[in-house]
Protein chains: 2
Amino acid sequence: MANFFDASDISPSKKRILQSALTLFVEKGFFNTSIPDLVEHSGVSTGSIYHAFKDKEALATELMHHLLATIEAEQADILARHQTVKARYFALVEWMLRFAEAYPDVEQFILYARHKEFMPSVKPICSAKPFMTLRDVILEGQETGVLRQMDVMVASSIAYGSVLRLIQLYLDGVLSTPLMTHFDELTEAAWRALAAE
Amino acid sequence: MANFFDASDISPSKKRILQSALTLFVEKGFFNTSIPDLVEHSGVSTGSIYHAFKDKEALATELMHHLLATIEAEQADILARHQTVKARYFALVEWMLRFAEAYPDVEQFILYARHKEFMPSVKPICSAKPFMTLRDVILEGQETGVLRQMDVMVASSIAYGSVLRLIQLYLDGVLSTPLMTHFDELTEAAWRALAAE
DNA sequence: GTCTATACTCAGATAGAC
DNA sequence: GTCTATCTGAGTATAGAC
């Protein structure tokens, strides 16, 4: 899961702009990143940026789109490799933790940027497909009877809220140990809360 | 828990500015709220705003300070009224849910604004006192043996991450039912994950 | 498609009268 | 302490040559 912009038909300069945008938006935030900042960091001129993207907002939107696409692909891959609900849940959590450790900047941007502040048209992140995928695994568990009956959103909050919270603590520098250190404790506790008696 | 700026020695116009700032920062975000916006909404002039606050960032910082102070006071109140760890945890969660329903805007600003983007000097929110207080209840439970031994941060993530996640879903409009509907399911599941055998 | 130069807007902040 | 008027600069976006 190396490069987020490898896919398809992106021109080289567009790729460099997206790469710089990811770095700078994460580091300083969308509003604190000016076009001149992007020009300096990417080595691509103002004119070319506006040739490649309608405006700054469109640039952010497209960036978001690419990141989500990569994430969706990885999730699909995990689901394909694991069949039972328990295996899927554990594998997805492991992937979430590893992803956050490998790409803290991307994780930060995806999870905690206030997207609607600079992309008014885009839907809230938790309505995005990757979050649906996570929820669907819980739903599947409830339907097959592996997980106890309760409101799906509540069950999902237990299942992933704890994980996301730990990731946030990690990203904020509160955690002193690597994320994966806590994989077993975390998943076993969550599973205890969710599994059918 | 009505007014966040009632306390102490705030001048009337300062109070109006803070009130407007809370509304607008939440509605449109810090960067999308201009000083002219604040002037129009509060009815206080530019000059008076800059008389009351050093600059826009200081305004945001002071706003944050007031909100956190109110929250700390309410938490202290809850702890004073409940003695056992279980009672305290359940009461704190109930308060979190009720608070989010009563003051969605404040909750949104406290939890999900990217504070460091406009208040570079302020520490991450999860290092703030209210979050310490939540964690300390878990710590107390582990020390008294009511809760099972595990990393405190992991236990806290289970205990409150699920709650915060549900709140986020609520604030994003994904939940169709009132938050308190899920109080029992949520707390019982979390407790199941955390309680000693 | 890429660049440089530039136009235009409007935000943040200040000066200074009352 | 409150206001109006104003400055200054940064930042988005465009024009137009190559």
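When reading the values below, keep in mind they use all heavy atoms of this one structure, side chains included, and skip hydrogens, waters and symmetry mates.
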TODO: Compare side-chain N and O positions of Ser45(A) against OP1 and OP2 of dT2(C) and report whether any pair is under 4.0 Å apart.
DONE: no

Open item on the list: Is the terminal nitrogen or CZ of Lys14(B) (NZ for Lys, CZ for Arg) located under 6.0 angstrom from the six-membered ring centre of Phe5(B) and within 45° of that ring's axis?
Closed with: no

Task: Lys/Arg N to Asp/Glu carboxylate O, Arg114(B) vs Glu117(A), below 4.0 Å - done: no

- [ ] Let me know the distance between CZ of Phe53(B) and P of dG12(C), rounded to the nearest Å.
- [x] 15 Å

- [ ] Enter the inter-axis angle for the ends of the helix from dG1(C)-dC18(D) to dC18(C)-dG1(D) (five pairs per end, rounded to 10°).
- [x] 0°

TODO: For His51(B) and dT4(D), give me the distance from atom NE2 to atom P, rounded to whole Å.
DONE: 16 Å

Task: Whole-Å gap separating C1' (dT4(C)) and CD1 (Ile49(A)) - done: 14 Å

- [ ] Using whole Å, report how far NZ of Lys15(A) lies from P of dG1(C).
- [x] 15 Å

Task: Interatomic distance where CG belongs to Leu24(B) and P belongs to dA11(C) [whole Å] - done: 13 Å

TODO: Check whether Trp95(A) and Met180(A) end up in the same hydrophobic cluster, where Ile, Leu, Val, Met, Phe, Trp and Tyr are linked by side-chain heavy atoms less than 4.5 Å apart.
DONE: yes

TODO: Can you tell me the distance, in whole Å, between the CG atom of Leu38(A) and the C1' atom of dT2(C)?
DONE: 17 Å

Task: Under-4.0 Å side-chain N/O to phosphate OP1/OP2 contact, Ser13(B) with dG1(D) - done: no

Open item on the list: Are Ser156(B) and Leu134(B) packed together at the side-chain level, in the sense that at least one heavy-atom pair is separated by less than 4.5 angstrom?
Closed with: no

TODO: On the 0 to 90° scale, with breaks at 30° and 60°, tag the Phe25(A)-Phe118(A) ring pair as parallel, tilted or perpendicular.
DONE: tilted

- [ ] Compute whether any side-chain donor of one residue and acceptor of the other, for His41(B) and Thr23(B), lie under 3.5 angstrom apart.
- [x] no

- [ ] Check Ala100(B) against Ile167(B) and note the closest heavy-atom contact, atom names and distance.
- [x] CB-CG2, 3.7 Å

Open item on the list: Once you measure the plane-to-plane angle for His115(B) and Phe109(B), does it fall in the parallel (<30°), tilted (30-60°) or perpendicular (>60°) bin?
Closed with: perpendicular

Open item on the list: Measure CD1/Ile17(A) against C1'/dC3(C) and give the value in whole Å, please.
Closed with: 13 Å

Open item on the list: At under 4.0 Å between heavy atoms, how does the protein contact nucleotides 11-18 of chain D? Give one character per nucleotide, 5' to 3', with B, S or -.
Closed with: SBBB----

Task: cation_pi(Lys56(A), Phe30(A)) dist<6.0 Å, angle<=45 - done: yes

